[in-house]
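The first residue of the sequence shown is numbered 1, and numbering continues consecutively from there. The structure presented is a predicted model; accordingly, all values stated were derived computationally and were not measured.
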Amino acid sequence: MDTSTAPRGAGTTARSPGVAPEQACPISPVLDIVFSRWTTPILWTLHAFGRQRFVVLQRNIGTITPKVLTQRLRQMERDGLVVRTYHPEVPPRVEYEISALGSSLAPLFAHLANWSADNLPRVEQARREFDGAEVPVPGRGH
């Protein structure tokens with residue numbers, strides 16, 4: 001393989017000792033930020049429905065608890081993906097919206113949605129075929 005134009009480390013099967021995981025896979029930090037358990041549904045909901053109050057956002061997401069939603073929103077605000085706006089009125093009102101940085105992920109989400117629609121049936125078929133195949137068990141004579 002000509003590695004002169006390949007990414008550094010391409011064509012190798014093992015990572016060099018001492019190489020940090022984020023260097024071996026440059027998207028690992030992004031995956032940790034964007035694809036944690038609740039971040040994607042929150043971003044998707046804010047992108048789809050716009051600015052929302054906490055209770056409306058929680059209702060639109062579904063099964064998320066208030067505690068977890070609060071934690072994820074704080075982290076996402078810290079990461080610059082969500083903007084929190086406090087309105088000092090009686091009673092106080094807080095709204096959340098996706099930031100420009102968070103909105104920049106929309107093409108990625110659209111691409112993943114398309115991939116999902118195109119390929120999840122194939123994944124399910126592969127799973128059925130795999131689960132239906134008899135897998136040899138070590139020590140059982142197969």
(request) Output the distance between atom CD1 (I98) and atom CZ (F49), rounded to the nearest 0.5 Å. (result) 13.0 Å

(request) Establish whether F35 and W115 are linked, either directly or via other cluster members, by ILVMFWY side-chain heavy-atom contacts under 4.5 Å. (result) no

(request) Quick one: closest heavy-atom pair of I33 and T39, and the distance? (result) O-CG2, 3.5 Å

(request) Identify the heavy atoms of L101 and G80 that sit nearest to each other, and give their distance. (result) CB-O, 3.5 Å

(message) More than 12 heavy atoms of other residues, nucleotides or ligands under 6.0 Å from NE2 of H111: yes or no?
(response) no

(request) Examine Y96 and F109 and state if one hydrophobic cluster contains both, with Ile, Leu, Val, Met, Phe, Trp and Tyr joined whenever side-chain heavy atoms are less than 4.5 Å apart. (result) yes

(request) Return yes when atom CZ of R128 has more than 12 non-hydrogen atoms of other residues, nucleotides or ligands closer than 6.0 Å, and no otherwise. (result) yes

(request) Consider only side-chain heavy atoms of I, L, V, M, F, W and Y, link residues closer than 4.5 Å, and tell whether L112 and V123 are in one cluster. (result) no

(message) Could you check whether R74 pairs with E77 (Lys NZ or Arg NE/NH1/NH2 to Asp/Glu carboxylate O, under 4.0 Å)?
(response) no

(request) Give a yes or no answer on whether the side chain of T45 reaches the backbone of I61 with a donor-acceptor pair at less than 3.5 Å. (result) no

(request) Can you measure from CE (M76) to CD1 (I42) and round to the nearest 0.5 angstrom? (result) 5.0 Å

(message) With a 4.5 Å cut-off on side-chain heavy-atom distances among I, L, V, M, F, W and Y, is there a chain of contacts connecting Y86 to V82?
(response) yes

(message) To check you understand the geometry: which heavy-atom pair defines the closest contact between P121 and S116, and what is its length?
(response) CD-O, 4.2 Å

(message) Ignoring hydrogens, what is the shortest heavy-atom contact between Q58 and T65? Give both atom names and the distance.
(response) NE2-C, 4.0 Å

(message) Using modelled atom types and a 3.5 Å cut-off, is there a donor and acceptor pairing between side-chain atoms of T70 and backbone atoms of P66?
(response) yes

(message) Can you tell me how far apart OG (S99) and CZ (R84) are? Round to the nearest 0.5 Å.
(response) 15.5 Å

(message) For R127, is there an ion pair with E129 - N to carboxylate O distance below 4.0 angstrom?
(response) no

(request) Taking all non-hydrogen atoms of both residues into account, name the closest pair between S103 and P107 and its distance. (result) O-CD, 4.1 Å

(request) Report the distance from atom CZ of R72 to atom CG of L81, rounding to the nearest 0.5 Å. (result) 9.0 Å

(message) Quick check: do L57 and R53 have side-chain heavy atoms less than 4.5 Å from each other?
(response) no

(message) Hydrophobic clusters here meaning ILVMFWY residues chained together by side-chain heavy-atom distances under 4.5 Å, can you tell me if V83 and V34 are in one?
(response) no

